[in-house]
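Okay, so here's the structure we're looking at.
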Amino acid sequence: MNELYTFKDFLENHVFGFKAMRYEADIMYKAVCFHKYGYAYKRYCENHQKVGDYEMLQYDVKDYEKRIADAKYAGRIS
């Protein structure tokens, strides 16, 4: 049976220097990790028949990036 293999678990097992506490607290750190290792995570899940949360993470990161872009457009961030 396919088991859930979260992105956080993938990072803990495959990335040297991964900071789990920062991952949970900082959306920017999560976005950077996703952009850097997201594709490798997706391929790993496909190759090992594991269920991943890639689409959910992709949605969260895109939502975060949209909020940043909207804030820049509105002049709240320079």
Side-chain angles (χ1 to χ4, degrees):
M1 179 176 216
N2 294 341
E3 61 182 72
L4 178 63
Y5 190 63
T6 63
F7 187 55
K8 182 180 174 187
D9 292 337
F10 175 79
L11 294 174
E12 286 175 344
N13 294 331
H14 294 38
V15 176
F16 178 76
F18 171 68
K19 296 166 182 57
M21 294 297 288
R22 187 170 176 200
Y23 178 84
E24 292 294 328
D26 187 5
I27 184 69
M28 187 174 84
Y29 183 71
K30 186 184 282 190
V32 168
C33 288
F34 180 77
H35 283 296
K36 192 169 185 180
Y37 302 109
Y39 186 74
Y41 168 66
K42 183 178 180 181
R43 291 294 162 227
Y44 182 86
C45 289
E46 289 174 357
N47 292 339
H48 292 88
Q49 287 81 35
K50 295 184 184 267
V51 176
D53 55 352
Y54 181 84
E55 288 81 16
M56 184 181 73
L57 283 166
Q58 187 177 26
Y59 176 78
D60 289 344
V61 169
K62 292 292 182 188
D63 184 51
Y64 165 71
E65 291 171 347
K66 185 178 181 323
R67 288 192 317 249
I68 295 295
D70 290 346
K72 283 183 180 179
Y73 181 75
R76 293 181 294 215
I77 316 174
S78 56

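Computed over heavy atoms, backbone and side chain alike; hydrogens, waters and symmetry mates excluded.
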State whether Asp26 and Lys30 are salt-bridged, where the test is any N-O pair (Lys NZ or Arg NE/NH1/NH2 against Asp/Glu carboxylate O) under 4.0 Å.
->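 Looking at Lys30 together with Asp26, the answer is no, because their closest N to O distance does not fall below 4.0 Å.
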Is there a donor-acceptor contact under 3.5 Å linking the side chains of Asn13 and Tyr5?
->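 Yes, because at least one side-chain N or O of Asn13 sits under 3.5 Å from a partner of the opposite role on Tyr5.
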Could you tell me if the ring centre of Tyr44 sits under 6.0 Å from that of Phe10?
->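 Yes: the rings meet the under 6.0 Å criterion.
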CG-NZ distance between Asp9 and Lys50, expressed to the nearest 0.5 angstrom | 9.5 Å
At what distance, to the nearest 0.5 angstrom, does CD of Glu12 lie from OG1 of Thr6?
->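 Going from the CD atom of Glu12 to the OG1 atom of Thr6 covers 7.0 Å.
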Tell me whether [Y] is reachable from [X] by hopping between hydrophobic residues (I, L, V, M, F, W, Y) whose side-chain heavy atoms are closer than 4.5 Å.
{"X": "Phe34", "Y": "Tyr29", "value": "yes"}
{"X": "Val15", "Y": "Leu57", "value": "yes"}
{"X": "Leu11", "Y": "Tyr64", "value": "no"}

With sequence neighbours left out, what residues match Lys8 under side chain to side chain donor-acceptor pair (under 3.5 Å)?
->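 Testing Lys8 for side chain to side chain donor-acceptor pair (under 3.5 Å), a comparison that skips the adjacent residues, returns Glu24.
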Only residue of Tyr54, Tyr37, Phe7 satisfying side-chain contact (heavy atoms from CB on, under 4.5 Å) with Lys42 is Tyr54
Could you tell me which non-hydrogen atom of Cys45 sits nearest to which non-hydrogen atom of Gly52, and how far apart they are?
-> SG-CA, 4.0 Å
What pairs meet the salt bridge (Lys or Arg N to Asp or Glu O under 4.0 Å) rule with one or both residues in residues 51-62, with sequence neighbours excluded?
-> none
